[in-house]
Amino acid sequence: MKLIINGRGKDIDCKNVSGLLRMLSLNKDAVAVELNKNLVHRQDFDNTQLKSNDKLEIVVAVGGG
Amino acid sequence: MKDSKLKIGEFEFNSRLIMGTGKYANFEVMNQAHEASGADVVTVALRRVNFEDKTQNILHFIDTKLTILPNTAGCYTAEEAIRTARLARELGMPDWIKLEVIGDQKTLMPDNEETLKATKILVEEGFTVLAYTNDDIVYAKKFEEAGAASVMPLGSPIGSGQGILNPNNIKIILENAKVPIIVDAGVGTASDAAIAMELGADGVLMNSGIALAKDPVRMARAMKLAVESGRLAFLAGRMPKKLYASASSPIEGNIK
């Protein structure tokens, strides 16, 4: 299905947020996730299902002032 | 007589110098600079994961003794800043946020209207809000009244190193404030930091001033001393400025 991740369209098949992070080889402890502008709590990664055209923001802490 | 600690909401720190983590050549220099500065708090930003470089997570590289203050740098609307703050909290950082909502890309001047909107909502959601702003004394009061735990007026534009261009307004903000005032942005060298503290600021936040120095670790040490000496000078109560001279040596008894 088509997902928009960090502003870019991607064709990925995954059930839930946990699955998505696994497919993207992302450490789920290092990132925070937003689905359609709503924060997804870490404890809900497993039970937050994804559907086509969902928009995700996956962020990480970086250097800044 | 010892100085009190820097108290921001429920947070308490010994050091009145807060540092950033951006623009360093590498993490080793960054950590050495943090160490040399004596800072207790460092800021980080939040960005979209770069799928080509997954080693980005800076939290992995920062000294665990430090308290991390996430920022909303790069946000141009209250909505973006609020979402960023929530994401930062979810990453496990303490419940506080350096709220930056920018109004102009070239100068990185704050959009005070959007910042105030975001302050109110984030305070309601339980965040300890440190509001980055300019030296507008009216808005400084508004942020305080909206529940900001600290107001952070810039000395000059972010990354410009121009120092404290507006000491008079910062002094007025300090006079009116009931929350800690931390000068954030524009500190370029040690004397800038000392000046901010001599005015009575509760602390100074800087990034480029140290990161972009030729020798960041040495500059970090300079900034540590500058913040301490500026604070001591403020607490010591400086002598008044006078228009005319006032001799320091006795005026009588000299040979003729």
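Throughout, a chain's letter reflects where its sequence line sits, starting with A, and its residues are numbered from 1. Atom set for the values below is all heavy atoms of this structure, side chains included, hydrogens, waters and symmetry mates excluded. What you are looking at is a predicted structure, and each value in this text was computed from that prediction instead of being measured.
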Using a heavy-atom distance cut-off of less than 4.5 Å, which residues of [range] contact chain A?
{"range": "residues 117-135 of chain B", "value": "none"}
{"range": "residues 71-86 of chain B", "value": "B:Asn71, B:Glu79, B:Arg83, B:Arg86"}
{"range": "residues 98-105 of chain B", "value": "B:Lys98, B:Glu100"}

Got [X] and [Y] here, is their nearest side-chain heavy-atom distance under 4.5 Å?
{"X": "B:Val187", "Y": "B:Met223", "result": "yes"}
{"X": "B:Pro157", "Y": "B:Leu108", "result": "no"}
{"X": "A:Leu26", "Y": "A:Leu20", "result": "no"}

Notebook entry, point to check: Is a side-chain donor-acceptor pair under 3.5 Å present for A:Asp54 with A:Asn36?
Noted result: yes

Please check if the side chain of [X] supplies one atom and the backbone of [Y] the other of a donor-acceptor pair under 3.5 Å.
{"X": "B:Arg16", "Y": "B:Asp202", "answer": "yes"}
{"X": "B:Thr115", "Y": "B:Pro110", "answer": "no"}
{"X": "B:Arg48", "Y": "A:Asn6", "answer": "yes"}

Checklist line | side chain to side chain contact (heavy atoms under 4.5 Å, CB included) partners for A:Asn16, two or more places apart | finding: A:Ser18

Margin query: Tell me which of these, B:Leu46, B:Leu205, B:Asp184, has more heavy-atom pairs under 4.5 Å with chain A than the rest.
Written below: B:Leu46

Note to self: Among B:Val151, B:Ile8, B:Val204, exactly one meets side chain to side chain contact (heavy atoms under 4.5 Å, CB included) together with B:Ile182. Which residue is that?
What the structure shows: B:Ile8

Notebook entry, point to check: So with a 6.0 Å cut-off around CD of B:Glu28, is the heavy-atom count from everything else above 12?
Noted result: no

Next item on the list: Take the angle between the ring planes of B:Phe27 and B:Phe61 and call it parallel below 30°, perpendicular above 60°, tilted in between.
Entry: parallel

Notebook entry, point to check: Any ion pair linking B:Glu90 and A:Arg42 (charged N to carboxylate O, less than 4.0 Å)?
Noted result: no

Margin query: Looking at every heavy atom in both B:Ala190 and B:Ala226, which two are closest together, and how far apart are they?
Written below: O-CB, 3.2 Å

Check: B:Leu17 and B:Val227: which non-hydrogen atoms are nearest, and at how many Å?
Finding: CB-CG2, 4.1 Å

Notebook entry, point to check: Top residue by heavy-atom pair count (under 4.5 Å) with chain B, among A:Val40, A:Val60, A:Leu39?
Noted result: A:Val60

Next item on the list: Under 4.5 Å heavy-atom distance to chain B, tell me which part of A:Lys28 shows up: side chain, backbone, both or neither.
Entry: neither

